[in-house]
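In what follows, every chain begins at residue 1, and chains take the letters A, B, ... in the order their sequences are listed.
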2 protein chains.
Amino acid sequence: MSDALLWTALADPHRRAIVALLLERPRPVGEIVEACGLSQPGTSKHLKVLREAGLVRVRQDAQRRVYALDPGPIAELDAWLAPYRTLWNTSLDALGDRLDETAPDTSEKPAPKD
Amino acid sequence: MSDALLWTALADPHRRAIVALLLERPRPVGEIVEACGLSQPGTSKHLKVLREAGLVRVRQDAQRRVYALDPGPIAELDAWLAPYRTLWNTSLDALGDRLDETAPDTSEKPAPKD
DNA sequence: CCAGCATATAACTGTCGAGGCATATTTGAT
DNA sequence: ATCAAATATGCCTCGACAGTTATATGCTGG
């Protein structure tokens, strides 16, 4: 489908934070609310956007709704990225002076900031 | 810089189209205007957003301004994506055939922890 | 300097989305 | 049946942003 939903979903920093949270483990809404410091309805809305983008799925457990990450759409993102990856692999030398901006130790832990 | 600019820049479909155009080759503004079917000022505004996100650079050639893609920020996107890549390695390796990950010979930067 | 092309900026408008509060809905417990 | 807990939805406001037209800026040749 159109990846417009995917991009708009990930465009919001709160939603990226939620996605990062769910990368660690599935969580009920309450935990997510507390983690991202938003109101519960606001968080629910973000979760709805993420659901409609296919980024998360819900499992019902008593009154709780446990949200979990769905890797599919993120794989789509990776596919979108693929053509560009060749670009910086090949032109790494030419533009390398611009590329070494990030600290060399940023690839150790899966700790998405933001 | 903050990747918020990067995400918001790529959130717009016209801007993604421009980025795709510049992947093929650098282009002056006129070409981009014609390609994405927007007004010239509108296109210029999008280019400004892409510039401020670091996604494109400009080279002045007489009256023309030739825009070219800068792979740096897209590499940041790839870095953001990295933790999630492991996720679909484990769960659905059906689409995992494209994951050469970052090139193995990029000894310049320590390879993502695989 | 002047004319003309190519691009950027300004000012304005309409739309969309984020965030808040109040409320509805669903589920479990007593 | 009733109540409480957990989550979703409706309504509202406000600010951000895309897109337009008109105008300014910059560059080049004559």
Side-chain angles (χ1 to χ4, degrees), chain A residues 1-22 25-70 73 113-114, chain B residues 1-22 25-70 73:
Chain A
M1 304 307 175
S2 78
D3 43 13
L5 289 175
L6 175 59
W7 282 103
T8 41
L10 289 175
D12 186 87
H14 281 138
R15 285 195 290 262
R16 288 199 300 277
I18 292 176
V19 165
L21 272 177
L22 296 183
R25 63 170 181 275
R27 296 174 194 263
V29 177
E31 269 188 44
I32 305 174
V33 168
E34 189 177 351
C36 65
L38 275 178
S39 68
Q40 176 267 315
T43 306
S44 242
K45 250 200 247 177
H46 282 307
L47 288 170
K48 182 178 189 177
V49 175
L50 291 171
R51 245 184 299 144
E52 287 169 346
L55 276 161
V56 299
R57 40 181 233 282
V58 207
R59 188 201 68 189
Q60 188 134 9
D61 171 53
Q63 302 114 332
R64 311 258 172 84
R65 292 202 166 201
V66 180
Y67 279 80
L69 208 58
D70 189 334
K113 39 173 187 174
D114 198 35
Chain B
M1 292 307 185
S2 77
D3 44 12
L5 290 174
L6 175 60
W7 283 103
T8 42
L10 290 174
D12 185 87
H14 281 138
R15 286 194 290 261
R16 287 200 301 277
I18 292 177
V19 165
L21 272 177
L22 297 183
R25 63 172 181 274
R27 296 174 194 261
V29 177
E31 269 188 44
I32 305 174
V33 168
E34 189 177 350
C36 67
L38 275 178
S39 66
Q40 177 267 314
T43 307
S44 240
K45 192 173 178 252
H46 282 308
L47 287 171
K48 181 178 188 177
V49 175
L50 291 171
R51 244 184 299 143
E52 287 169 346
L55 276 161
V56 299
R57 335 186 303 277
V58 206
R59 187 201 69 189
Q60 189 133 10
D61 171 53
Q63 302 113 332
R64 311 260 170 83
R65 293 198 169 203
V66 180
Y67 279 79
L69 207 57
D70 189 333

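Counting any heavy atom pair closer than 4.0 Å across all strands shown, G30(B) reaches sugar-phosphate atoms only and no base atom. Among the protein residues, P28(B) comes within range of the sugar-phosphate backbone only, with heavy atoms under 4.0 Å from sugar or phosphate atoms but none that close to a base. Base engagement by Q40(B) is indicated by at least one non-hydrogen atom pair under 4.0 Å involving a base atom.
Comparing dT9(C), dA6(D), dT7(C) against the side chain of R64(A) picks out dA6(D) as the nearest. Taking the side chain of S44(A) as heavy atoms from C-beta on, and the options dA8(D), dA18(D), dT21(D), the nearest nucleotide is dA8(D).
Taking atom CG on L50(A) and atom C1' on dT7(D), their separation rounds to 16 Å, with Å as the unit. If you take CD of Q60(B) and C1' of dA6(C), they are 10 Å apart, rounded to a whole angstrom. dA18(C) atom P lies 12 Å from atom CG of L10(A), rounded to whole Å. Put simply, NZ on K48(A) is 16 Å from P on dG19(C), counting in whole angstrom units. The separation between Q63(A) atom CD and dC3(D) atom C1' is 12 Å, rounded to whole Å. Look at CG on L38(B): it is 11 Å from P on dT21(D), rounded to the nearest Å. The CG-C1' distance, from L47(A) to dA8(D), rounds to 10 Å in whole Å. In this structure, E34(B) places its CD atom 12 Å from P of dT7(C), rounding to the nearest Å.
Phosphate contact (OP1/OP2 of dG19(C), side-chain N/O of H46(A), threshold under 4.0 Å): present. In this model, the phosphate group of dG19(D) is not approached by any side-chain N or O of S39(B) to a distance below 4.0 Å at OP1 or OP2. Of the side-chain N and O atoms in R15(A), one or more sit less than 4.0 angstrom from OP1 or OP2 of dA18(C). Phosphate contact (OP1/OP2 of dA6(C), side-chain N/O of Y67(B), threshold under 4.0 Å): absent. Side-chain nitrogen and oxygen atoms of K45(B) include at least one within less than 4.0 Å of the OP1 or OP2 phosphate oxygen of dA18(D). Neither OP1 nor OP2 of dT27(C) sits under 4.0 Å from any side-chain N or O of R65(A).
By the 6.0 Å contact criterion, CZ on R64(A) is open, its count of non-hydrogen atoms from other residues, nucleotides or ligands being 12 or less.
The two residues L5(B) and E52(B) have their closest heavy-atom pair at CD1-O, 3.6 Å.
With the nearest nucleotide of DNA chain C identified for both V66(B) and H14(A), V66(B) has the one nearer the 5' end. Taking for each of R51(B) and V49(A) the nucleotide of DNA chain C with the nearest heavy atom, the 5'-most of the two is the partner of R51(B).
Note: D70(A) CG to R51(A) CZ = 13.5 Å, rounded to the nearest 0.5 Å. Between atom CG of residue L50(B) and atom CD1 of residue I32(B) there is a gap of 8.5 Å, rounded to the nearest 0.5 Å.
The one candidate from L69(A), L22(A), V66(A) that meets the side chain to side chain contact (heavy atoms under 4.5 Å, CB included) condition with R27(A) is L22(A).
Two residues are said to be in side-chain contact when any heavy atoms from C-beta on lie closer than 4.5 Å; P28(B) and D61(B) fail this criterion.
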